[in-house]
Amino acid sequence: MNIKVLKEFHLNEEVHQVRTCEVNLGPNGTGMLFAYSKYPNIDPCESSFRLNRYPMELAMFGEAGQMLWHKELEMEIIAGIWTMPFVAIDMDQDGIDEIYYVGNRHKDAPTDSRAMTLECLYGLSGEYKGHCHFEAENLEWERLGWAFRFMLCGGYADKEPVLVAAQGIYGEIYLQAYDSDLNIRWRRRIGREEGSGGSHQTLVFDFNHDGNDEVLYGEHMVSLKDGKDVICYDRDRYFGHSDIVLPIMHPETKKMYLYTCRESGDYEGCPRVVTFDMETGNVVWEDIYSDEWGHYIDDGHMHIGWVAAVRNMPQSGKPGKLAYAKRMRNKKQLVEHYTYDVFTGEKVDYPFPYPFDQVMPIDINGDGYHEFIKSSQAIAGSSGLEIVDDKGEKVAYVGGHLMDVGKYFDYPGEQFMCFYPYEGVVRLWGDADAQESAIFRERYANGFLKSTMKTRGSGYNWHVECAI
């Protein structure tokens, strides 16, 4: 492997949080939108919530790494993943994406739900195109750390674009779907009695092949056509929220599965790691059960999970898909690591020199099997980065802070982005010698992974590159 910087994007100032998404700029090619701030990410959890001292900023870059436009946002917009999600989608179908993000128009009250807005910018120029009220009324009665969990995503229903806004992950969920004029198509409330809460991703695709996209919101597969559940996994048995939900395709049968790691458990015996038959909703296997009813931190916070395609599963010596789940117990003081065959649930003792919460899968050379991005700490910290192979052997040191993993600008293989705070630079890293195998091309053939590139500015959607 020949790991090199493929592109650089110069933000020209010190930055301590950066997020990105891919934007279709029509005849001007593919753009990369960056949302960033000198102030670190603000999590709305009561123990860490604060108000930013510097604003969020937006900048669009072209394929040559040139800045096309820049916009400084208002200070009343709270600078965080959960308070200012953004998404790119061509709602007016003119061939160029618009940018939608959550704003606020009350200068002195950044938590005022009445002043929350859904803002629209023209992707090519950053020109203001319009706004409407962002329906965050749950802020009036839910606790701070639960209420300030906003998501944006988009897809198609009856061949028309649909923009979806969402509020809530841990408690009640509220969804609104909009047309190109920001008129409401449908609204949906998902109560605690209706199955699972949300997850930290919003994955959109036509999962059931009915011609309309669905959004996986937690373990609900919601139709963008009418807002109703196509299916709700474990509807009568699980009422917590999932840290991750990952659609996985069996490489031989092409059958789809859904791998979930559940952050919260509501009762004794609640299964915390589950793989479903994605079509029928039946449980294929499950493991790790709650010991008691109680707060998720005390009873096994399932915090990180992923799936990696590996060349040799220890039991069979054949290629397979390795699923990982991390459990934190005793107020996060005890960490447990679990690895499985994602299709059977068989526990796997996979030899690797580092804890699996320090790595994230990436097929950087395009051979159809995953290498890993290794952090100096748990991947959430994502600093001091290295590329290691499937045995954990170091390939390259890249430094920086991990911000995204994906497939960019038609480079072969997968790439990843890092930002370097004191340089004010984002670097796109990849394998200059990558060649895509038939296995790799098959993972990308149905378009799901590429479609996620426009939603990377919402939640932890950048954690999904290991899906399918």
Side-chain angles (χ1 to χ4, degrees), residues 5-12 15 18-36 56-73 84-103 118-131 152-156 159-164 178-182 202 204-205 213 403-412 414-419 424-430 444 447-458 461-462 464-465:
V5 175
L6 304 177
K7 287 188 188 294
E8 286 193 347
F9 306 92
H10 292 264
L11 303 176
N12 300 322
V15 290
V18 188
R19 290 176 286 145
T20 189
C21 76
E22 187 176 278
V23 183
N24 179 16
L25 300 180
N28 297 280
T30 298
M32 295 304 304
L33 177 71
F34 295 98
Y36 56 95
M56 289 295 296
E57 301 178 49
L58 298 176
M60 182 70 73
F61 286 79
E63 291 187 358
Q66 77 280 22
M67 185 182 289
L68 302 178
W69 56 263
H70 167 266
K71 182 179 178 67
E72 183 176 295
L73 302 183
M84 202 213 87
F86 57 92
V87 67
I89 182 171
D90 183 11
M91 290 294 290
D92 61 11
Q93 301 189 78
D94 67 348
I96 295 175
D97 287 341
E98 295 85 53
I99 308 300
Y100 294 86
Y101 67 92
V102 176
L118 182 57
E119 303 278 347
C120 178
L121 304 178
Y122 187 50
L124 188 57
S125 65
E127 175 188 0
Y128 168 79
K129 291 197 68 175
H131 75 278
L152 295 176
C153 61
Y156 290 83
K159 299 182 180 180
E160 295 289 328
V162 179
L163 176 67
V164 177
Y178 295 89
D179 65 16
S180 59
D181 295 319
L182 292 180
T202 48
V204 177
F205 196 63
D213 285 340
M403 51 179 284
D404 200 28
V405 181
K407 183 170 173 56
Y408 303 89
F409 302 109
D410 294 325
Y411 287 116
E414 292 175 346
Q415 300 80 42
F416 63 101
M417 281 192 184
C418 300
F419 73 93
V425 173
V426 172
R427 294 189 173 100
L428 176 65
W429 292 85
Y444 278 82
F448 167 72
L449 287 173
K450 193 62 177 173
S451 73
T452 68
M453 299 295 289
K454 293 187 178 185
T455 65
R456 299 300 178 89
S458 188
N461 280 350
W462 63 281
V464 306
E465 203 58 33

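The backbone N or O of Thr20 sits nowhere less than 3.5 Å from a side-chain atom of Arg456 that would complete a donor-acceptor pair. Within the 3.5 Å criterion, the main-chain N or O of Asp97 finds no donor-acceptor partner in the side chain of Asn24. Between the side chain of Lys450 and the main chain of Tyr444, no donor-acceptor pair closer than 3.5 Å is present. No donor-acceptor pair under 3.5 Å is formed between the side chain of Glu119 and the backbone N or O of Tyr101. Not one N or O on the side chain of Ser458 forms a donor-acceptor pair closer than 3.5 Å with the backbone of Pro85. Between the side chain of Glu63 and the backbone N or O of Phe409 there is no donor-acceptor pair closer than 3.5 Å. The backbone N or O of Cys21 sits nowhere less than 3.5 Å from a side-chain atom of Asp404 that would complete a donor-acceptor pair.
Shown here for Val102 and Met84, the closest heavy-atom pair between the two residues is O-CG, 3.2 Å. Closest heavy-atom contact between Val5 and Glu8: CG1-CG, 3.8 Å. Considering all non-hydrogen atoms of both residues, Leu58 and Trp69 come closest at CB-CZ3, 4.0 Å. Closest non-hydrogen pair, Asn461 versus Val464, comes out as O-CG2, 3.0 Å. Among all heavy-atom pairs drawn from Glu98 and Ile96, the shortest one is OE2-O, 3.0 Å.
Note: Lys454 NZ to Thr30 OG1 = 8.5 Å, rounded to the nearest 0.5 Å. With rounding to the nearest 0.5 Å, the separation of CG in Leu6 from OH in Tyr411 is 5.0 Å. Taking CG of Leu182 as the reference point, atom CG of Leu163 lies at 7.0 Å (rounded to 0.5 Å). To the nearest 0.5 Å, atoms CG (Leu428) and SG (Cys418) are separated by 9.0 Å. From Tyr178, atom OH reaches atom CG of Leu118 across 5.5 Å, with rounding to the nearest 0.5 Å.
Contact annotation: the side chain of Pro161 approaches that of Gln93 to within less than 4.5 Å [non-hydrogen atoms, C-beta and beyond]. A 4.5 Å side-chain heavy-atom check between Val164 and Val87 finds every atom pair outside the cut-off. Side-chain contact between Met91 and Tyr100 is present, with at least one heavy-atom pair separated by less than 4.5 Å. For the pair Phe205 and Leu449, the minimum side-chain heavy-atom distance is 4.5 Å or more.
Ring geometry for Tyr36 against His70 counts as tilted: the plane angle lies between 30° and 60°, on a 0 to 90° scale.
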Discussion item. Evaluate Leu68 against Leu25 for side-chain contact (heavy atoms from CB on, under 4.5 Å), listing each step before the verdict.
Written reply: CA-CA 11 Å; Leu68 302 178; Leu25 300 180; 3.6 Å; yes

Worksheet entry | Pair Met417-Phe9, side-chain contact (heavy atoms from CB on, under 4.5 Å): steps then yes or no | CA-CA 10 Å; Met417 281 192 184; Phe9 306 92; 4.0 Å; yes

Worksheet item: Are Glu22 and Met32 close enough, and set up right, to give a side-chain contact (heavy atoms from CB on, under 4.5 Å), and what steps lead you there?
Response: CA-CA 5 Å; Glu22 187 176 278; Met32 295 304 304; 4.2 Å; yes

Discussion item. Before you tell me yes or no, could you show the steps for Val204 and Thr455 under side-chain contact (heavy atoms from CB on, under 4.5 Å), namely the whole-Å CA-CA distance, both residues' side-chain angles and the distance that decides it to 0.1 Å?
Written reply: CA-CA 9 Å; Val204 177; Thr455 65; 5.5 Å; no

Indicate every side-chain donor-acceptor pair of residues 121-129 with a distance under 3.5 Å to a residue at least two apart or in another chain.
| unit_1 | atom_1 | unit_2 | atom_2 | d |
| --- | --- | --- | --- | --- |
| Ser125 | OG | Glu127 | N | 3.2 |
| Tyr128 | OH | His131 | ND1 | 2.6 |
| Lys129 | NZ | Asp92 | OD2 | 2.7 |

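Remark: of the listed residues Glu57, Met67, Arg19, Met403, Met403 is the sole one forming a side chain to side chain contact (heavy atoms under 4.5 Å, CB included) with Phe34.
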